[in-house]
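Below is one structure, written out as structure tokens, with a few remarks after it.
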Amino acid sequence: MYKRQLELLAEFADENEQVTFYKQGEWGDLCAGPHVDSTGEIGPVKLLEIAGAYWRGDEENPMQTRIYGTAFEDESDLENFLERKQEAEKRDHRRIGNEMNLFSIQDVTGPGLPLYHPPGKTVLKELEDFVEDLNQDAGYDYVETPHVFKTDLWHRSGHYENYADDMFIFDVGDDEFGLKPMNCPGHAAIFQDQSWSYRDLPIRYAENGKVYRKEQRGELSGLSRVWAFTIDDGHLFIRPDQIEQEVEEIMDMIIDVLETFDLEYEMALATRPEKSVGSDEIWEHAEEQLENVLEKRNLEYDIEEGDGAFYGPKIDFAFEDAIGRAWDGPTVQLDFNMPDRFDLSYVGEDNEEHEPVMIHRALYGSYERFFMMLIEHYEGKFPLWLAPEQVRVLPISDANLGYAYQVANEFDDFRVEVDDRDSTLERKIRAAHDDRVPYQIIVGDNEEEDGNISVRDRFEDQEYDVEIEDFHDHLVTERDEQRSEPDFLQ
RNA sequence: GCCUGGGUAGCUUAGCGGUAAAGCGCGUCCUUGGUAAGGACGAGAGCCCGGGUUCAAAUCCCGGCCUAGGCUCCA
């Protein structure tokens, strides 16, 4: 029963450290402390979770039961905390995803393998289009690669030796294949397929590439942690003298994306992990280049020791979700190893062969995780440009159905629906609100006679006698400017 | 993968040894309603899967799968 305490005492004895012991009534234990003098000093208490935890945080150790709780100075602070906690749960993307028919993850199709339903894919499609526009402007060329490769490729890239535990690998006849956990080897193979001059670089490849990683079962969670996900991937093949310029340009793209979604972000430099390929010199040089960019632009950043990819150091961006947790997403990774393994080269000004530098980058990170974050960030109330259903027309009675369809037709460049069910206006408004539709158009006899509409937004503001054209013009602007809230009535 | 809960109608849940329930949604009908739930009737359930205990299992036991919260790992 006191095995753990004895283990700790033995260690303290070895290190000649002072031992502290705390008592509370009849109960006592080793503790670094400090403790309150009496439990009476603790304010309102609420127990929150009960969970297993590895002894001293090591997977190899046995598990112990840990009880989580919180305490506040007075009752109202505790209530406040619990309310905010409940508020956060309301934003849960799994709950909203279900309510809005965005996606499902089903037993029959397997764990961590999300299915996107039409409304969810509509949002994803907008996200894809947005980043594709950015890529076009920045000189990227789109490529496409299969989901499966022979493991020869994974041996060559180093994934087999460093990443096989997380890969789906299977035999087909006498050959061994693996689902791709990353898109880079495929892109490297494309680059390798022809010869390049120093004048051609940088070469920038982009792909919305689906990848597969066999995460531990207990880690899977909604869209935030899955087995199959899509990266808005980009791989650059550049000359060493182009590093700083290219990294800077990518960082501008990332910041552009994050600001479009009004996201607070932080960045961090992740350095060499234990399991990695390449020489010390290569790693030091790579880390130095990234630091230079960060220093040069006077950006604040953390350093995450040993958190880099096995092929190179990276700059990771993190943003906050509704619960205030930070998620990884956008990333810029330098890679001095893949070019070596694939024997990549270009002919320099000196007519000699040189090795290009590779950059891996993603603006969203994975669509899945970014989508999840957006759902919670907006609580499902997407900006107009993202909303699965942008406008809903509500006829006051069946007599106005014809006019309702006529009006909807005027908005056929938007995602518009007519609520043609037999029910009261109140019910239709309620339903549109529950479905988080940004705008409702209400048409009755008055509107039909005047040839105009009434407009209502999801803030419950409304306006009568609106000209169809005026509202349509506004919608176009609001959508194209990617405004974050419906503002026709604001 | 490891601990502790949970899987019942399309959704949210009640029932916890003895004829499967409710609300929402859906269908039909009545109603034609002016800014956040009008009414009636109805359809809809292999009670996660496989074993076991019992006269009898959604309910108890064992195993598996999925899921939630943690732990450990990651986009």
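Naming convention: chains lettered A, B, ... in sequence-line order (proteins, then strands); numbering from 1 in each chain.
- Applying the 4.0 Å criterion to OP1 and OP2 of B:U12, one finds that A:Asn98 has a side-chain N or O inside that range.
- Distance noted for atom C1' between B:U19 and B:G23: 23 Å (whole Å).
- If you find the closest nucleotide of RNA chain B to A:Asp92 and to A:Ala228, the one lying nearer the 5' end belongs to A:Asp92.
- Rounded to a whole angstrom, the distance from the P atom of B:U35 to that of B:G6 is 47 Å.
- Ranked by how close their nearest RNA chain B nucleotide is to the 5' end, A:Ser221 and A:Asp307 are led by A:Ser221.
- With hydrogens and angles left out, the side chain of A:Glu219 and the base of B:G70 share no donor-acceptor pair within 3.5 Å.
- Between A:Arg456 and B:A36, a side-chain N or O to OP1/OP2 separation shorter than 4.0 Å is present.
- Within the shown strands, nothing qualifies as a pairing partner of B:C47 under the Watson-Crick or G-U definition with both distances less than 3.5 Å.
- Scanning atom types as modelled, one donor and one acceptor separated by under 3.5 angstrom connect the side chain of A:Arg225 and the base of B:C73.
- None of A:Tyr378, A:Phe261, A:Phe414 except one satisfies the ring-ring contact (aromatic ring centres under 6.0 Å, His included) rule with A:Trp385; the exception is A:Phe261.
- The shortest distance between the side-chain N/O atoms of A:Thr424 and the OP1/OP2 oxygens of B:G38 is below 4.0 Å.
- Counting non-hydrogen atoms of other residues, nucleotides and ligands closer than 6.0 Å to NZ of A:Lys381 gives a total of 12 or fewer.
- A distance of about 12 Å separates the P atoms of B:G52 and B:A57, rounded to the whole Å.
- Using a 4.0 Å heavy-atom cutoff across all strands shown, A:Tyr68 reaches sugar-phosphate atoms only and no base atom.
- With 3.5 Å as the limit, one finds a donor-acceptor pair spanning the side chains of A:Asn400 and A:Asp445.
- Here, B:C24 and B:A37 have their P atoms 13 Å apart, quoted to the whole Å.
- Among the heavy atoms of the strands, none lies under 4.0 Å from A:Asp166.
- Computed from coordinates, the A:Arg392 CZ to B:U35 P distance equals 19 Å when rounded to whole Å.
- Using a cut-off of 4.0 Å between Lys/Arg side-chain N and Asp/Glu carboxylate O, A:Arg213 and A:Glu368 are scored as not salt-bridged.
- Rounded to whole Å, the C1' atom of B:U12 lies 11 Å from the corresponding atom of B:G25.
- Rounded to whole Å, the C1' atom of B:C47 lies 12 Å from the corresponding atom of B:A21.
- When the C1' atom is used for both B:C55 and B:U8, the distance is 25 Å, rounded to whole Å.
- Between A:Arg415 and A:Glu126, at least one side-chain nitrogen of the basic residue sits less than 4.0 Å from a carboxylate oxygen of the acidic one, meeting the salt-bridge criterion.
- With hydrogens and angles ignored, a donor-acceptor pair closer than 3.5 Å exists between the side chain of A:Glu460 and the base of B:A36.
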